[in-house]
Amino acid sequence: MGEMYPFGEIESKWQRLWDWNGTFIAVDGDCRPKYYVLDMFPYPSGAGLHIGHPEGYTASDILARYHWANGYNVLHPMGWDAFGLPAEQHALQTGISPKLNTDQNVARFRGQIRRMGFAIDWTREINTTDQCYYRWTQWIFLQLFKRGLAFVDERPVWWCGALKAVLSNEEVVGGKSERGSHAVERRLLRQWVLRITAYADRLLDGLGDLDWPDSTKRQQIAWIGRSEGVEIDFAVDGSCGEVITVYSTRADTIMGATYLVLAPEHPAVKKITAPTHCGAVEKYCVEAARKGDLERTDLAKDKTGAFTGAYATHPLSGEKLPIWIADYVLPSYGTGAVMAVPAHDDRDYEFAKRFNLPMRVVVAGGGELPFCGYGTVCGSGQWLDGLECDGAKAVVLQKLKEKSAGRGAVKYKLRDWLFSRQRYWGEPIPIVWVRESDYGVLLGMAGSPYGEFLPEKPVCYEEAGEKFYAVPLPLEQLPLILPEVDDYRPSDCGESPLAKATDWVEAEINFASGQVRPRSAGGADGWVLARRETNTMPQWAGSCWYHLRYLSPNCLDAPVSREAEAYWGCPDFYIGGAEHAVLHLLYARFWHQFLCDIGVVTKAEPYPKLFHQGIILGEDGNKMSKSRGNVVNPDRVIGECGADALRVYEMFLGPLDAVKPWDSRGIGGPCRFLRRVWQLYVGADGGLSGTFSAAVEESDETDRMIHCTIRKVREDIELLHFNTALSQLMVALNHLQKLKKISIETGEIFLQLLAPFAPHLAEELWEKMGHGESIVRAQFPNYDVSKLSCALRKIVVQVNGKLRGELQVSQDASGEEIINLARSAESVIPHLVGRELADEVYVPGRLVNFVVRN
RNA sequence: GCCCGGAUGGCGGAAUCGGCAGACGCGUCGGACUCAAAAUCCGAUUCCUUUGCGGGAGUGAGGGUUCGACCCCCUCUCCGGGCACCA
């Protein structure tokens with residue numbers, strides 16, 4: 001690469017000026033139309049900015065600058081999703097506090113992002129670990145708590161004794177810990193759970209109106225997994241009086257049921273198992289409990305199971321069906337029990353084969369078993385035979401209802417959200433636990449600051465025979481500040497490191513004031529013993545509502561001020577990685593819908609328009625990673641080519657949503673492009689080049705080129721087709737470079753079109769053209785339709801669909817004239833002579849096609 | 001296994017209401033400049049064929065619809081993503 005323009009100087013100059021002038025500060029309540037463009041905020045990792053980050057940020061920045069230049073009041077904020085495991089693990093290794101480490105990482109990220117020259121309103125910067133921020137995360141949690149949407153439950157977790165840690169499913173590989181291959185076991189742990197399932201239908205229905213990528217909507221739909229079916233009751237034989245309720249979406253096959261299967265965890269298993277079968281059943285249950293979700297749901301394995309020795313009565317046929325247990329039935333879905341129809345279900349079929357159970361064909365599908373499709377019911381008795389499956393479902397449901405043996409039911413795959421982590425570096429859950437008797441006192445108190453915060457149904461748990469009740473901290477006591485600790489290792493029994501901060505955990509609470517303090521020696525009047533919750537919130541919590549905090553980052557009495565929410569509403573455009581298609585985007589929708597329910601916000605959906613930028617791969621075509629050694633460092637690229645070149649290159653690489661590899665040589669193109677722009681505009685004396693002059697009258701051709709470029713750039717920005725917009729800008733530059741003289745107006749238009757992509761260079765040249773104000777303050781150019789086309793028009797001539805020539809005709813030439821011209825065109829005649837003309841096709845304004853035979 | 005998305009020169013990619021395939025950029029080749037090289041500028045660059053003019057083939061493979069298909073339909077291959085015993 002040869003001599004570049006002084007991009008380093010220019011870029012830092014303009015970054016300083018934008019800052020000093022407050023160029024990109026969004027104005028609350030401004031009378032201009034608002035435009036809110038949001039990036040998924042980054043987790044400030046220790047590795048610094050990745051070359052992938054600027055892709056999405058540049059895209060949103062182009063939109064921000066484009067809208068500023070179109071007269072909008074733009075909000076384009078940035079912040080930090082800074083709680084999370086890596087900082088905690090870093091602390092374990094180095095002893096450096098997560099807070100300090102996070103602050104350092106944030107400082108580095110901020111510096112790197114600033115060097116990209118984004119039009120960000122830095123006065124609204126937020127950080128999820130800031131107590132002024134997490135105060136409101138805690139407040140939202142308490143609102144959920146108050147309405148019964150946050151509760152505790154015993155949930156199985158993986159516990160590794162050697163590591164003294166709770167592990168996630170991903171951290172358990174082949175029944176051993178991923179780190180160190182130690183033994184792991186299932187343990188029940190008291191966990192906070194959010195009742196997201198209460199919002200299942202709304203989360204599903206709300207998708208309808210969203211302008212989101214189809215694949216993301218589909219993923220959310222699949223994740224929620226709504227299904228309609230029936231619950232059917234099967235009475236268990238004998239004196240136990242048990243009824244097994246199964247769930248099925250194929251009631252039409254009910255007469256083909258030949259046995260029942262319960263999940264090993266099903267509560268009825270113990271009660272119904274025949275004494276003769278207890279041994280085998282128990283053994284099977286123990287084995288099933290040992291298996292993890294991954295092992296259990298491994299499709300490759302053979303079906304296993306055990307017979308309980310019990311039978312149930314088919315509600316319609318009266319037949320006795322054997323009851324089995326098998327781990328292919330999941331305890332957490334439906335009723336944890338199924339009626340097996342082996343002739344028409346793959347899994348039941350496999351199981352029946354393995355254990356030699358009978359099959360009965362009840363859907364005529366022809367061919368081999370199992371037949372899982374739809375068809376005509378047969379072998380089910382007169383009342384059902386001959387019906388199509390869909391119709392049969394309704395008839396069966398009716399029959400079941402008559403016999404009080406069944407009912408319609410809707411089930412979801414979506415599970416409630418496990419919301420506690422046994423970690424230090426997260427938002428503390430603002431709850432203390434008190435004894436049953438003390439909770440009774442609280443309930444009886446008039447005018448305590450809690451009254452309205454307590455849930456209708458108390459949240460409690462039992463430990464060593466004693467019950468403990470959850471008491472929320474009142475608003476005045478928030479934020480509950482994360483205490484500093486010396487030791488970031490979890491406790492010996494897998495609790496959060498906070499559990500070891502005894503002085504903090506063992507506390508007392510004053511119900512009258514809501515204050516919590518360390519336990520006093522004597523036990524004072526009005527204070528009761530309390531134990532703090534030591535779990536913290538998952539990293540998702542802070543990102544569930546950050547889009548609201550930007551609107552009024554300093555609001556003291558609500559997560560978001562009413563005026564700010566009324567003015568800014570929701571992001572007009574939200575961009576981030578597709579890896580967040582389900583969890584973040586579902587959790588955030590859940591919280592936002594909830595906040596709408598309680599009147600904090602007025603819109604039900606947080607992100608009406610969403611886009612996923614693609615991934616930038618390493619030069620070797622693989623995902624960038626340290627271990628592969630193919631990571632590209634943005635600092636180095638900025639140092640060598642400048643931020644403008646990096647921005648342009650990333651946008652020129654290909655479609656925004658595509659996965660595309662980095663090519664270190666490829667950036668030379670954008671570098672040369674920007675340098676050629678510089679050389680066109682800047683004269684030998686450093687001022688505006690003499691090529692530009694007010695007195696120039698542009699040629700029609702140049703005029704047409706400019707207006708076509710304006711249109712292309714405008715349309716492409718709105719469609720996010722930045723690669724083709726840049727391509728058009730290159731075409732325009734190639735054209736301008738050939739001109740001896742260029743009008744000032746043309747020169748200005750080109751800079752304005754370039755400005756969203758390469759803002760520093762555009763500002764610098766704009767200044768050289770004599771402007772005192774930022775280029776974003778000048779109205780973005782509009783095109784003149786009358787200047788888009790020329791007097792002559794090209795018509796393509798084909799013979800049998802093959803290109804044989806082209807004509808230049810005037811705009812007003814008739815079809816007949818054009819066909820005659822085409823027929824006599826020199827290059828066309830040889831392909832027509834001696835052949836029979838079968839047809840002439842004329843597509844107005846485009847082409848003529850002669851169809852010939854022989 | 002199921003559901004999506006994709007496949008275009010040496011490379012990244014353009015072009016889709018069905019109408020000039022290969023815009024723009026990278027790379028490569030040739031030329032200019034230079035003692036020379038780098039950089040820069042100019043030109044060429046899908047493949048085959050032809051001295052040339054031309055001609056032929058061509059958008060993962062095979063078939064179909066059409067005057068005309070990268071684009072629509074059917075079958076298949078490969079790649080990417082998601083889900084994965086959800087009854």
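Each chain gets a letter, A, B and so on, in the order its sequence line appears, and its residues count up from 1. Atoms considered below: every heavy atom in the structure, side chains included; atoms not considered: hydrogens, waters and symmetry mates.
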Rounded distance in Å between the [atom1] positions of [N] and [M]:
N: G13(B); M: C20(B); atom1: P; result: 23 Å
N: G55(B); M: U66(B); atom1: C1'; result: 26 Å
N: A21(B); M: U46(B); atom1: P; result: 14 Å
N: C76(B); M: A69(B); atom1: P; result: 24 Å
N: U51(B); M: A14(B); atom1: C1'; result: 35 Å
N: C71(B); M: G60(B); atom1: P; result: 8 Å
N: A15(B); M: C67(B); atom1: P; result: 28 Å

Applying the Watson-Crick and G-U wobble criteria at under 3.5 Å, what pairs with G5(B)? Answer none if nothing qualifies.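 Base partner found: C79(B).
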
Counting only Watson-Crick or G-U wobble pairs whose two distances fall under 3.5 Å, which nucleotide matches C29(B)?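 Answer to the pairing question: G43(B), which forms a Watson-Crick or G-U pair with C29(B).
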
For the residue pair Lys411(A) and Tyr247(A), would you count it as a cation-pi contact if the rule is NZ or CZ under 6.0 angstrom from the ring centre and within 45 degrees of the ring axis? yes

For Tyr374(A), does the six-membered ring have the charged nitrogen or CZ of Arg250(A) within the cation-pi criterion, i.e. under 6.0 angstrom from the centroid and within 45° of the normal?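 Ring-cation test returns yes.
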
Donor-acceptor check, side chain of Thr258(A) to backbone of Met359(A), threshold 3.5 angstrom: yes or no?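 Between the backbone of Met359(A) and the side chain of Thr258(A) there is no qualifying donor-acceptor contact (under 3.5 Å).
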
Criterion side-chain hydrogen bond (donor to acceptor under 3.5 Å, both in side chains) against Thr709(A), the qualifying member of His735(A), Arg714(A), Gln728(A): Gln728(A)

For Lys794(A) and A15(B), give me the distance from atom NZ to atom P, rounded to whole Å.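 For the pair Lys794(A) NZ and A15(B) P, the rounded distance is 17 Å.
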
With nearest nucleotides of RNA chain B determined for Val582(A) and Arg415(A) from heavy-atom distances, which residue corresponds to the more 5′ nucleotide? Val582(A)

